Amino acid sequence: MNIAIVGVTGNVGRKILEVLEKLNFKFDQLYLIASDQSIGKKISFKKKDYSLVGLSDFDFSKVQIAFFSAGSSIAEKWVPIASKKTIVIDNSKHFRMDDNIPLIVPEVNPESLKQYKNKNIIANANCSTIQLVLALKPIHDQFKIKRVVISTYQSVSGSGKKSMVELEEQTKSILENKKTKSKNFTKQIAFNVIPHIDSFMNDGSTKEEWKMVVETKKILDPSINLTATCVRVPVFVGHAESINIEFSNNIDIIKIKNCLASAPGCKVVDEHKDGGYITPAEIDGDFTTYISRIREDKTQKNSINMWVVSDNLLKGAALNAVQIAQLLYEKYLK
Ligand SMILES: NC(=O)c1ccc[n+]([C@@H]2O[C@H](COP(=O)([O-])OP(=O)(O)OC[C@H]3O[C@@H](n4cnc5c(N)ncnc54)[C@H](OP(=O)(O)O)[C@@H]3O)[C@@H](O)[C@H]2O)c1
């Protein structure tokens, strides 16, 4: 099997390479694609140097799977072209809500993958949605979730490598008492938090908040009501989420904790003492999604609160994409 990675120099693209190596994903040829400004540059992978090529020069019939992580506008133009010749796993938001394109988190809705045959395209979900549905799936199966209220604390790597550079430079400037400018954020991001990710919708919510609602419904269950507030925080890698959940059925907090403890891809770290929970700074590079602070919400019947943390570039993007490729290979391409 041959594979291509479009956007390989980006935050998600370079992590796809890392995950392919860590999971020992077997392939014959690898083609690495980035923008015109990167053509000819070299990337080393498993002790071999690969020259970067441009999209317009690449013949997608050479590969069986193409990972796209170059943003929405590139996906809109190039994925339909590539998918005539190969199967595309796209990380952008562009195709996620197309009824004919499956939106996959392998631990949650692997059965939907068969729909890839409709258009030869599989969409990877939003980073905040992936870690949310991973934690919700087992407790929804057992107790039926009625409503979710979520606040996110999303790291700057979620908006690309330029945003990471901005946080670093702004932090240094402020510490040196120099003036700062915001380029990729609407306000100062260093030493601040910004309740605004992606564009505003007519109802006052943001597109990021809308994505969490509609993607959770598509992946897990359309009957779940969800409301979100998405916030960018000055953290480089790792998204955290504070989640309040109301169930339709009677709950037992011990059973909920046991159920979460066996959630695929997740680990419960929940000790009621100093540091007995997981924070983003601890999980950079980690494949696991962590669940902490699980407790009953006594203000409402059958309700709980919890805290979920994951590496947004791994389970939130690259790892999920490679797991989709593994599932695709095992079930349909082998
Ligand atoms: N970061 C996350 O947590 C996350 C999570 C889920 C989904 N996503 C999605 O994944 C996509 C990539 O995000 P990212 O954070 O990796 O962005 P990024 O760091 O800004 O990287 C963008 C990549 O796209 C390449 N690119 C730009 N224009 C191109 C063109 N015309 N042809 C070919 N390649 C081109 C860039 O290459 P050059 O280096 O040559 O410019 C770079 O490799 C986005 O759609 C994003 O929404 C991101």
Side-chain angles (χ1 to χ4, degrees), residues 19 22-23 102-113 124-150 152 212 215-224 226 238-273 275-280 282-283 285-297 301-312 314-327 330-331:
V19 175
K22 280 198 180 144
L23 294 183
L103 179 64
I104 303 294
V105 178
E107 297 89 339
V108 179
N109 63 339
E111 67 290 344
S112 301
L113 186 63
N124 201 8
N126 182 40
C127 39
S128 311
T129 309
I130 295 177
Q131 68 183 71
L132 172 70
V133 294
L134 262 194
L136 295 187
K137 162 79 176 160
I139 47 178
H140 180 55
D141 286 347
Q142 207 162 331
F143 300 99
K144 193 152 179 29
I145 293 171
K146 193 170 167 185
R147 179 170 186 254
V148 179
V149 182
I150 176 160
T152 69
M212 291 198 78
E215 290 182 23
T216 301
K217 285 177 181 286
K218 181 167 174 177
I219 297 165
L220 192 52
D221 187 341
S223 76
I224 294 176
L226 191 141
H239 288 359
E241 298 178 344
S242 163
I243 310 168
N244 177 269
I245 308 163
E246 183 186 359
F247 296 89
S248 298
N249 298 330
N250 287 337
I251 58 159
D252 169 338
I253 194 70
I254 303 294
K255 283 189 186 156
I256 294 256
K257 285 183 183 179
N258 289 339
C259 188
L260 288 168
S262 58
C266 298
K267 186 173 180 199
V268 170
V269 176
D270 193 18
E271 296 171 55
H272 301 167
K273 63 175 195 191
Y277 42 81
I278 296 294
T279 58
E282 297 159 89
I283 54 91
D286 200 325
F287 282 10
T288 304
T289 292
Y290 290 90
I291 309 172
S292 305
R293 306 287 330 277
I294 308 161
R295 63 220 189 266
E296 260 186 283
D297 168 7
K301 216 170 165 236
N302 296 321
S303 300
I304 65 161
N305 290 303
M306 63 185 188
W307 172 253
V308 174
V309 176
S310 194
D311 184 325
N312 54 296
L314 287 174
K315 189 56 191 169
L319 174 61
N320 201 64
V322 175
Q323 288 171 328
I324 291 172
Q326 281 182 318
L327 190 64
E330 289 299 324
K331 289 192 93 170

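This is a predicted model, so every value here is computed, not measured. Numbers here simply count residues along the sequence, with the first being 1.
- Of the possible donor and acceptor atoms, none in the side chain of Gln142 sits under 3.5 Å from a partner among the backbone N and O of Ile139.
- The two residues Glu246 and Lys301 make their nearest non-hydrogen contact at CG-O, 3.9 Å.
- In this structure, Asn109 contributes its side chain and Leu103 its backbone to a donor-acceptor pair below 3.5 Å.
- A distance-only check finds a donor-acceptor pair linking the side chain of Trp307 to the backbone of Ile278 [under 3.5 Å].
- Val108 pairs by the side chain to side chain contact (heavy atoms under 4.5 Å, CB included) definition with Val105, Val133, Leu134, Lys137, Ile219, Leu220, not counting sequence neighbours.
- Formation of a donor-acceptor pair under 3.5 Å by the Asn312 side chain with backbone atoms of Gly238 is found in this model.
- Taking CD1 of Ile150 as the reference point, atom CE of Met212 lies at 3.5 Å (rounded to 0.5 Å).
- Put simply, the side chain of Asn305 never gets that close to the backbone of Arg295: no donor and acceptor are under 3.5 Å apart.
- Although no hydrogens or angles enter the test, the distance criterion places no donor-acceptor pair under 3.5 Å between the side chain of Glu241 and the main chain of Gln131.
- Although no hydrogens or angles enter the test, the distance criterion places a donor-acceptor pair under 3.5 Å between the side chain of Ser292 and the main chain of Val269.
- The environment of Lys217 atom NZ is dense: over 12 non-hydrogen atoms of other residues, nucleotides or ligands sit within 6.0 angstrom.
- With sequence neighbours left out, the salt bridge (Lys or Arg N to Asp or Glu O under 4.0 Å) criterion links Glu271 to Lys273.
- Atom-to-atom distance recorded for Asn249:CG and His140:NE2 is 10.0 Å, nearest 0.5 angstrom.
- Side-chain atoms of Asn320 come within 3.5 Å of backbone atoms of Ile104 as a donor-acceptor pair (strictly under, hydrogens ignored).
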Using atom types as modelled, flag every donor-acceptor pair under 3.5 Å from a side chain in residues 250-257 to any protein atom, sequence neighbours excluded.
{"from": "Asn250", "atom 1": "OD1", "to": "Asn302", "atom 2": "ND2", "distance (Å)": "3.3"}
{"from": "Asp252", "atom 1": "OD1", "to": "Ile254", "atom 2": "N", "distance (Å)": "2.9"}
{"from": "Asp252", "atom 1": "OD1", "to": "Lys255", "atom 2": "N", "distance (Å)": "3.4"}

